[in-house]
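Take this structure, written in structure tokens, and hold onto it; I'll ask about it next.
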Amino acid sequence: MTRRVYDFDRAIVREPGASVVDGLRTGPEAPAFDRLLAEHRAYVAALEGAGVAVERLPSLPAYPDSVFVEDPAFVLADGAILLRPGAPSRFDEAALLEPALRRHFAHVARVDRGHIDGGDILVLPDAILVGLSARTDREGATRFAELARDLGWSTRIVPTPETLLHLKTGCALVDEGTVIATPQIASLFRNYTVLVPPPQEFGAANLIRVNDRVLMAQGFPQTADMIGDKRIQVVELPASEIARIDAGLSCMSLRWHSGGE
Ligand code: CIR
């Protein structure tokens with residue numbers, strides 16, 4: 001069977017340190033560390049339950065947001081790209097991930113100008129979408145597109161509405177012909193069936209498809225039904241504490257297939 005872009009057998013995560021409660025946030029309340037840790041453990045267990053071998057990197061107390069490994073790097077089956085996070089407090093996270101990536105990938109490229117966060121990069125079956133946001137500028141996106149081209153991928157650069165921290169705050173791939181997206185960005189996906197969650201469930205859009213399962217945040221029953229109707233197994237995970245620091249499920253891992261393209 002041809003491999004699908006969401007077929008993964010490896011992932012990297014980083015343990016949350018106690019300083020994670022000081023992660024960047026726009027909302028009023030910091031998360032509770034013990035509950036956040038429990039959410040992270042449930043997330044790792046769900047990845048493993050979906051068939052993924054997970055490498056756990058040690059926490060980096062000086063970098064409160066470093067648990068969100070998706071933002072400083074990007075991985076595909078054939079290589080990794082170190083990014084340039086747009087938040088100054090997160091800039092060094094890319095260099096700190098490099099040794100782990102070099103253990104797994106012979107090809108490790110580096111975005112060397114502009115800014116780009118992995119949360120703004122969505123892999124679709126036919127192309128990569130990069131959203132311009134408060135964290136990702138055109139220079140970083142363009143450089144990323146050049147490096148992705150070296151790996152055989154074409155990139156489409158699109159705007160991200162100001163209300164979304166990252167492009168993937170509001171969208172995800174569900175299957176090869178289906179995405180989930182909030183209404184403001186639904187029009188980006190012309191060749192896909194777009195599932196639009198109801199307004200009270202927009203937080204569900206930051207889900208991840210992993211092999212035959214969809215991992216999504218708890219508390220979004222209508223969206224869970226929409227995905228369940230597509231005969232995909234839905235795993236609902238606690239994510240309210242990470243949401244307090246503006247994060248969702250996609251940001252807590254880098255996922256790839258070790259078998260090459
Ligand atoms: C940040 O503001 O960078 C973190 N507090 C949250 C990062 C979430 N990452 C993501 O959606 N890819």
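Counting convention: from 1, in listed order, for ligands and their atoms alike. Here the structure is a predicted model, which is why all the values come from computation and not from measurement.
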Identify the protein heavy atom lying closest to atom 11 (O) of ligand 1, giving its residue, its atom name and the separation to 0.1 Å. His166 ND1, 3.1 Å

We want to know whether Asp22 and Ser19 form a side-chain donor-acceptor pair, criterion being a heavy-atom distance below 3.5 angstrom. no

Taking only heavy atoms of Asp246, which atoms of ligand 1 are found under 4.0 Å from at least one of them? 6 (C), 8 (C)

So is there a nitrogen or oxygen of Leu24 less than 3.5 Å from a nitrogen or oxygen in ligand 1? yes

Less than 3.5 Å apart, any donor N or O on the side chain of Arg135 or Ser133 sitting next to an acceptor on the other? no

Should Arg14 and Asp65 count as an ion pair when the cut-off is N to O under 4.0 Å? no

When the side chains of residues 50-59 are checked against the rest of the protein, which donor-acceptor pairs come out under 3.5 Å, sequence neighbours left out?
| from | atom 1 | to | atom 2 | distance (Å) |
| --- | --- | --- | --- | --- |
| Glu55 | OE1 | His104 | NE2 | 2.5 |
| Glu55 | OE2 | Arg103 | NH2 | 2.5 |
| Arg56 | NH1 | Glu48 | OE2 | 3.3 |
| Arg56 | NH2 | Glu48 | OE2 | 3.2 |

Out of Asp65, Asp71, Leu167, indicate the one that has the non-hydrogen atom closest to atom 7 (C) of ligand 1. Asp71

Between Glu241 and Arg41, is the closest basic N to carboxylate O distance under 4.0 Å? no

Please list, in number order, the atoms of ligand 1 under 4.0 Å from a heavy atom of Ile245. 4 (C), 5 (N), 6 (C)

What atoms of ligand 1 come closer than 4.0 angstrom to any heavy atom of Gly119? 12 (N)

Pick one of side chain, backbone, both or neither for how Arg25 approaches ligand 1, counting any non-hydrogen atom pair under 4.0 Å. neither

Considering both backbone and side-chain atoms of Ser250, is one of its nitrogen or oxygen atoms within less than 3.5 Å of a nitrogen or oxygen in ligand 1? no

Check: Asp175 side chain, Thr178 main-chain N or O, donor-acceptor pair, under 3.5 Å: yes

Quick check: does any side chain N or O of Arg84 sit under 3.5 Å from a backbone N or O of Gly114, one acting as donor and the other as acceptor? yes

When distances are taken from atom 2 (O) of ligand 1, the protein heavy atom at minimum range is Arg135 NH2, 2.8 Å

Mind checking whether Lys168 contacts ligand 1 via backbone (N, CA, C, O), side chain (CB onward), both or neither, at a 4.0 Å heavy-atom cut-off? neither

